Amino acid sequence: MTVSGAAAKSTRDPGRTQRVVIVGGGTAGWMTASYLAAAFGDRIDVTVVESATVGTIGVGEATFSDIRHFFEFLRLEESEWMPACNATYKLAVRFENWREPGHHFYHPFEQMASVDGFPLSDWWLRYPTTSRFDKDCFVMASLCDAERSPRYLDGSLVDQGFVEQTRDETSARSTIAEYQGAQIPYAYHFEAHLLAKFLTGYSTQRGVKHVVDNVVDVALDDQGFISHVRTAEHGEIAGDLFVDCTGFRALLLNKALGEPFVSYQDTLPNDSAVALQVPLDMESKPLRPCTTATAQDAGWIWTIPLISRIGTGYVYASDYATPEEAERVLREFVGPETADVPANHIRMRIGRSQRSWVKNCVAVGLSSGFVEPLESTGIFFIHHAIEQMVKYFPSGLGDDLLREQYNRSITHVMDGVREFLCLHYRGAKRVDNQYWKDTKTRVIPDALAERIEIWQHKVPDSESIYPYYHGLPPYSYNCILLGTGGIDVRHSPAVELADERAALAEFERIRVKAEKLVQELPTQNEYFAAMRANQ
Ligand code: FAD
């Protein structure tokens, strides 16, 4: 691809953003197109240019709980899109072997209760009713262990009550009000290419133009704005706003506009992945309602159950394993059924563009930035970016300020997730080889180092994680700290002095509720078998 620069005199009308050109048709491209179609209808023209020869990344199947807002915004019911994308429910991330072999814990999409002003984890450290903090503090850990669906067989949903919390009304109300928007009880697993296909249909039915062609040149005007892209077979496509969804290539933002990339590699060294698509026999394999992240010698393996297959892959650091070793480990992990399945080897670019929105080009998806997929945040970043893009849509008035605010918001969220992921590795108790030993001495962001010192005396709360709580509330930090087990965390001194009866009653309420739901709810296999039988 070439860049033809600075020759043509600008013909831009800064007061109008009517023509949006999205380059790239992966998850980012089609999520952006469908969101813009839902937000603005035919008041703007949207065109997606997608290459037939350059593939999509081919992974990205697990989501974060805010994804439900995306489908709500598109006014899509689960029954409309889930079967088309072989989607399943996800209640949590299950971490295996991060502490020691055989150990597991969950990071669920469920608020942690607060009792008399202290998070339940603080009470648990003082009064551990069992050895499992996740089961004592969350209903969902039991549902995941028992492989339950969040829906009853009649399709009704168990989400009431996950947010109804504690007798400490004031604290519960403010916690819920603060986070209810971001944290709801479940997310999804789906086949990424089927979602892109579904959203292609959704978008084109709402007027989005679809051009299948390669962008071969990006033309800049004399002010450095993009005036048009040139395609191999469809000529020039002009626009007011260009959305770079070209994946790790970042053809518009990094290549054409030269925006620098800020690497996170020093703090997050996993830079490679190998993925397999494993055939699934729904009769014999459990559809766990969670993404599993199993720690390995040079990283971790993801397991994502879909209706059609299991998506799996090994995320590893190339300083510690070769692609051949990683593929061998992955195939051994999965078993003989993958012998004929081709492996997809991926080199990951870890970090973010210094600014994601420059002049009239905004990067969304891998072109904007990426941290490794440990907490399934890639699609969350896309959703967050397009929500903000609509919020800060340029109007010609104060565009520089809008862009600045947008860029601050993207930086804030990505740096926050980077910090959260670093905590997983620093916190992991295992030190059984060089890879895991190095996770204890590797540089971490200064702010995280300071927070860890505080958290050793007082478990994370909204003050001590500020300003990084967008999408990542304090309970998420609590889960990782208590689950990974390598950092010594003590309960607050004040918990010693407070009356523990309400907290113990809360542990009992969670135990009883979990037991009841495990009895009432079907497994995911039973639920989806029934759904398919009814189709
Ligand atoms: P891509 O999928 O790479 O799409 C790029 C598009 O640009 C393609 O359509 C391509 O044809 C087009 N293109 C490129 N060049 C041109 C050109 N010259 N002209 C026209 N078109 C062009 N996220 C999650 O949320 N959950 C996960 O579990 C998860 N797992 C992941 C695992 C791994 C190993 C990796 C690397 C990522 C993972 N992600 C995950 C991130 C997720 O895959 C991406 O965020 C998501 O797929 C979006 O990708 P994209 O659309 O930005 O890029």
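As the structure is a computational prediction, the values presented were derived from the model and not from experiment. Both ligands and their constituent atoms are indexed starting at 1 by order of listing.
- Residue contacts with ligand 1 for Leu251 involve side-chain atoms from C-beta outward but no N, CA, C or O (heavy atoms, distance under 4.0 Å).
- At least one donor-acceptor pair under 3.5 Å links the side chain of Asp271 to the backbone N or O of Ser318.
- Relative to atom 53 (O) of ligand 1, the option among Gly247, Gly29, Gly311 with the closest non-hydrogen atom is Gly247.
- Counting the atoms of ligand 1 from 1 in the order shown, those under 4.0 Å from a heavy atom of Ala273 are 34 (C).
- At a 4.0 Å cut-off, at least one heavy atom of Asp213 sits close enough to ligand 1 to count as contact.
- At a heavy-atom cutoff of 4.0 Å, ligand 1 is contacted by no atom of Phe381, backbone or side chain.
- Within the 4.0 Å heavy-atom criterion, the part of Glu61 lying near ligand 1 is the backbone and not the side chain.
- At a heavy-atom distance under 4.0 Å, only side-chain atoms of Ile382, from C-beta outward, approach ligand 1.
- Looking at ligand 1, you'll find an N or O of Val54 within less than 3.5 Å of one of its N or O atoms.
- Of all atoms in ligand 1, listed by their number and element, those nearer than 4.0 Å to a heavy atom of Gly365 are 52 (O).
- In this structure, Tyr406 and Ala363 approach most closely via the heavy-atom pair OH-O, 4.3 Å.
- The main-chain N or O of Gly369 is never found under 3.5 Å from a side-chain atom of Ser353 such that the two would form a donor-acceptor pair.
- Both the backbone and the side chain of Ser51 come within 4.0 Å of ligand 1, counting heavy atoms alone.
- Some N or O of Ile379 is nearer than 3.5 Å to an N or O of ligand 1, by distance alone.
- Annotation: cation-pi pair Arg442/Tyr425 absent, no NZ/CZ under 6.0 Å from the ring centroid and within 45° of its normal.
- Heavy-atom distances between Asn214 and ligand 1 reach below 4.0 Å in at least one pair.
- Aromatic rings from Phe95 and His103 are positioned such that their centres are separated by 6.0 Å or more.
- For the ligand labelled ligand 1, residue Thr63 lies outside the 4.0 Å heavy-atom shell.
- For a threshold of 3.5 Å applied to N or O pairs, the pair formed by Val59 and ligand 1 contains at least one separation below that value.
- The proximity of Ala192 to ligand 1, defined as any non-hydrogen pair under 4.0 Å, does not occur for either the backbone or the side chain.
- Per-residue contacts place Ala62 under 4.0 angstrom from the following atoms of ligand 1 (heavy atoms of the residue considered): 24 (C), 25 (O), 26 (N), 27 (C), 28 (O).
- Distances below 4.0 Å separate heavy atoms of Val215 from the following atoms of ligand 1: 17 (C), 18 (N), 19 (N), 20 (C).
- Cation-pi geometry between Arg151 and Tyr527 is not satisfied (NZ or CZ under 6.0 Å from the ring centre, within 45° of the ring normal).
- Contacts of Phe64 with ligand 1, taken as heavy-atom pairs under 4.0 Å, are absent altogether.
- Annotation: Val364 places no N or O atom under 3.5 Å from an N or O atom of ligand 1; distance criterion only.
- If you look at Phe370 and Phe381, their ring centroids are not closer than 6.0 Å.
- Ring-centre distance between Phe105 and Trp98: not below the 6.0 Å cut-off.
- Where the criterion is an N or O separation shorter than 3.5 Å, residue side chain and backbone included, Ala28 meets it with respect to ligand 1.
- Here the rule is ring-ring contact (aromatic ring centres under 6.0 Å, His included) with Tyr320, and of Trp436, Tyr314, Tyr435 only Tyr435 fits it.
- Under a 4.0 Å criterion applied to the non-hydrogen atoms of Thr27, ligand 1 contributes the atoms 46 (C), 47 (O), 48 (C), 51 (O).
- For Arg418 and Phe420, the positive end is not near the middle of the six-membered ring at less than 6.0 Å and at most 45° from its axis.
- Proximity of the aromatic rings of Trp30 and His210 is defined here by a centroid distance below 6.0 angstrom, and this criterion is met.
- Close placement of the Tyr186 and Tyr89 rings is indicated, their centers lying within 6.0 Å of each other.
- Between Phe73 and Tyr35, the ring centre distance stays below 6.0 Å.
- For ligand 1, one of its N or O atoms has an N or O atom of Gly25 under 3.5 Å away.
- Within the set Gly58, Ser376, Pro373, the minimum heavy-atom distance to atom 30 (N) of ligand 1 is found for Pro373.
- Every atom of ligand 1 with a heavy atom of Leu366 under 4.0 Å away is listed here by number and element: 44 (C), 45 (O), 49 (O), 52 (O), 53 (O).
- Annotation: atom 38 (C) of ligand 1 to nearest protein heavy atom, Phe370 CZ, 3.6 Å.
- For the pair Tyr477 (side chain) and Leu423 (backbone), a donor-acceptor distance under 3.5 Å is absent.
- No option in Asn86, Thr63, Ile304 other than Ile304 meets the side-chain contact (heavy atoms from CB on, under 4.5 Å) test with His189.
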